[in-house]
Amino acid sequence: MKDRYEPSEIEPAVQRDWDAAGTFVAREDPAKPKYYCLCMFPYPSGKLHMGHVRNYTIGDVLARYMRMQGFNVLQPMGWDAFGLPAENAAIENGVAPARWTRDNIAHMKGQLKSLGFGIDWSRELATCDADYYRWNQWLFLRMLERGIAYKTTGVVNWDPVDQTVLANEQVIDGRGWRTGALIEKREIPMYYLRITQYAEELLGALSKLPDWPERVRTMQANWIGRSDGVNLAFPYDIDGRRGELKVFTTRADTIMGVTFVAVAAEHPLAELAATRKAKLRTFVNECRRGSAMEADFATMEKKGIATGLFVQHPLTGAAVEVWVGNYVLMAYGEGAVMGVPGHDERDFAFAKKYGLPILQVIDVNGKPYSTDAWQPSYTEYGRCIHSGHYDGLDYAGATDAIAKDLESKGLGRKQVVWRLRDWGISRQRYWGCPIPIIHCPACGDVPVPDDQLPVRLPEDLVPDGSGNPLAKTPSFLECRCPKCGAAARRETDTMDTFVDSSWYYFRFASADNDRAMVDERAAYWMPVDQYIGGIEHAILHLLYSRFWTRVMRDCGLTKIDEPFQRLLTQGMVLNEIWFRKPASGRIVYHNPADVTATGEGEAPSGVLKSDGQPVEYGGIGTMSKSRRNGVDPQELINRYGADTARLFMMSNVQPEDTLKWSDEGVEGAFRFMKRIWKTVHTHVAGGASGPPETATLDGPQRELRRQVHQALAKVGDDIGRRRTFNTAIAALMELQNLLIRFEDDSPRGRAVMQEALDLVVLMLSPLVPHAAQAMWRALGHSTQLVDERWPKVDAAALVQDTIEIVVQVNGRLRARVPVPAGANEAIAREAALADPGVAKFVAGQPIRKLIYVPGKLVNVVV
RNA sequence: GCCCCGGUGGCGGAACGGGUAGACGCUACGGACUUAAAAUCCGUUGGCCGCAAGGCCAUGCAGGUUCGAUUCCUGCCCGGGGCACCA
């Protein structure tokens, strides 16, 4: 009898069978309903981490389940292969990013295969392949034609040592993360994509995504950030220069309370004033030099300086002084704000600091008002006071009336302002998709013609950390102008890697097409039915993808608006953090596997296994290299096999929740695998068994059969509808506990057992496909388990003659009594009151009321 | 500051439309098997009282609605996340 569970023997053999049969190669079949199940593709960093294993296991379980439901399933995989880590590895090891990336891909692909994911590898793609990124370039050219892509000069973080732009995340305390150099704000020309043109649609369509997590929709809505307000102008005449200072406000109803206006340091009026006053010049330069990071602004002291310039109030004509304020953002609204200290906290503080007048112009719902100290109530909406003929109007009424008056004077109108900015995609980086532009001294910036695509990235360069090697490579740089034929230079900036990931899901449908970006096969597969990935992509990647899909739609490449029908954001994988903090020097982290926990309860403590000395507990956190608390999935697979790894990742918590790593939890999953394996093989050793004759079963046999079919109903619902894989697994474990205790060697008992095990194996097959296939064979089936359909619940098996109902007295549980199934209230009442435990509490008191929930409970109210 | 999500045994968590709180797993303890250990199997495991039968308390805190509240409502406390001089 082969009753020892040996995953290392089972798994490779099953995987070979799938490979040989092309089991997971998806074919377009209009006759079948399609199901496109996609996990966010990985960055090929070297090897898989636990987050990957969790992500792809969730996807694979769903894909396999939907296949059993009769869907034509596509589950592809690719590589988000451009990006900084490859360049950093090159700098450290002197290896070309292309080589490093492709080696990593090969290794990680092997790992994915060893986990038994049902992936259609014939559609594999990597974004660093010219076959792929040429279409980035192609669509970028279409965007240029349509004015969606444009070039302008923007402010960036500039590292003067590395001679490159850094992302905000790469600036730490105002210094470059790699060089430690002081970061400068620089204005350099960059290409932008006009995502703001789609702001309204991207926001409005969020309500059409009911199967996205509420949280993600909220985050996107906040990010897009719609503000409804009024744009108004303060006219000026400064030494004969006439103009208008434009301001955006969401509180036009407070316009009669304006006592100053403030502009950003980059504002033209600030510049004008700076030419006149040395003190202003210094201040303006100071503001400009500050960090480009918005978060830093928030904590900065609010400072300002008067310009001595005056503008006219648009309604009263009164003179209002212009100040330069370091808290005014050039990039939002008009780069200028009207100052209403009476009803804006920041303006209030500013006015107090510089002795500017404070006017109350809103009755804040009768609450006390004093200019001595700020109260949060001052920003409440209320009726206008001290506002001339606007007095008595509420927020909406005043806003309408003021907007109308401004409009008739040509000095303002209602306006919507968005927080969302256009997407700057230029990166002064080597390992990315070249931007297909040629700079000609005569013709300017000339798009590369379609027939010269792709602009290939040379793959043999090794960055050394000083600037972009493309700029030092004549064979790439030097070219001819497509318009005039003169000697010209290629653009050396590459695209943001978020461009690469904004449309890869389309390309999986037509990965082999070298003539078009997408074809009719994309129309068959798109949209993605289920998308699965980390919450960290809630805004950027998912928003860019929604934008890119709409651009493709407007270019006639697709008919869909939304790329992802349904979204599941899986939680992170956490582990304990242990460290030592030497009196001098840096914190040293230790892997939890090297620590023996000694303390219990409130203050966990532990000692290092190697030296027996104490280490400090740092709580629970995401697995990370820097904290050295990662667990290598490969060790898990080597030790327990892919099936146990998969089972553990799906146990204990719902996919959205964080999952705490636990060695004991893995052992628990492994124990379950060994037990079910043994149960199957013990049964099989007794010989073949046919289907049960349901009419002739005795009580325990019928009861087991009922439990089996009840579990089947629950597991199907948990996986298919609720996506709570943890409770599906719990139900299977519960069933397994029943099967172990079911000792009935009669032919009928064995028939019931055979059916139960067949069903358990079918239910397990999406979760632990290798062991399930092997057990399926053992149970006497010659078919491939992956081609089986999800079993149907036998409704007749669920029927019970007698059920147990709960009896409460005054809402407190007092007894459980058996009643015939379908008993009416009278029968249930009689049975309930006859129970001695119930009678004790009723004890002759009059029954005021009796609630009967059929099949569930009786509540006697006395 | 604004927005969102949570708080249930020793631990991770379950309870799906107001109806048996603690499924399932882990830990710990006791037992069987073994020369021994591991593995495996059996049992106990929210707290308190009780020999037992049984009872009382218990889902962050304080109230409310209800025959009945982990679930709904109000206020508060704590934790996590997102956004943040956004005019």
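Naming: A, B, ... by sequence-line order, numbering from 1 per chain.
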Tell me every residue that passes side-chain contact (heavy atoms from CB on, under 4.5 Å) with [X], counting only those two or more places apart in sequence or in another chain.
X	result
A:A731	A:K714, A:V715
A:H537	A:M40, A:H541
A:Q808	A:V806, A:L857, A:N859
A:A252	A:V230, A:T249, A:T399, A:I402

Side-chain N or O of [X] versus OP1/OP2 of [N]: is the shortest distance under 4.0 Å?
X	N	value
A:R812	B:A69	no
A:Q736	B:C24	no
A:K849	B:C67	yes
A:N726	B:A14	yes
A:T727	B:C24	no
A:R814	B:C56	yes

Name the atoms and distances for all side-chain donor-acceptor pairs under 3.5 Å in residues 663-673 of chain A, with sequence neighbours left out.
{"residue": "A:D663", "atom": "OD1", "partner": "A:W661", "partner atom": "NE1", "Å": "3.0"}
{"residue": "A:E667", "atom": "OE2", "partner": "A:Y640", "partner atom": "OH", "Å": "2.7"}

Atom pairs, protein N/O to nucleotides 62-65 of chain B N/O, distance under 3.5 Å:
none

Dump every N/O contact between nucleotides 74-83 of chain B and the protein below 3.5 Å, one line per pair.
{"residue": "B:C83", "atom": "O3'", "partner": "A:R419", "partner atom": "NH1", "Å": "3.4"}

State which residues pass side-chain hydrogen bond (donor to acceptor under 3.5 Å, both in side chains) with A:Q360; sequence neighbours excluded, sorted by chain then number.
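So A:Q360 forms no side-chain hydrogen bond (donor to acceptor under 3.5 Å, both in side chains) with any residue.
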Can you sort out the partners of A:Q220 under side-chain hydrogen bond (donor to acceptor under 3.5 Å, both in side chains), two or more places apart, ordered by chain and number?
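Testing A:Q220 for side-chain hydrogen bond (donor to acceptor under 3.5 Å, both in side chains), a comparison that skips the adjacent residues, returns A:R546.
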Extract from the structure each pairing of a protein N or O with an N or O of nucleotides 48-51 of chain B at less than 3.5 Å, listing the distance.
none

Under the rule syn = chi within 90° of 0, otherwise anti, which is B:G79?
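It is anti.
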Could you write out each protein N or O paired with an N or O of nucleotides 40-46 of chain B at a distance under 3.5 Å?
{"residue": "B:C41", "atom": "OP1", "partner": "A:R675", "partner atom": "NE", "Å": "3.1"}

Intra- and interstrand pairs of RNA chain B - dot-bracket, Watson-Crick/G-U under 3.5 Å, | marks other strand:
(((((((..(((......[....))).(((((.......))))).((((....))))..(((((..]....))))))))))))....
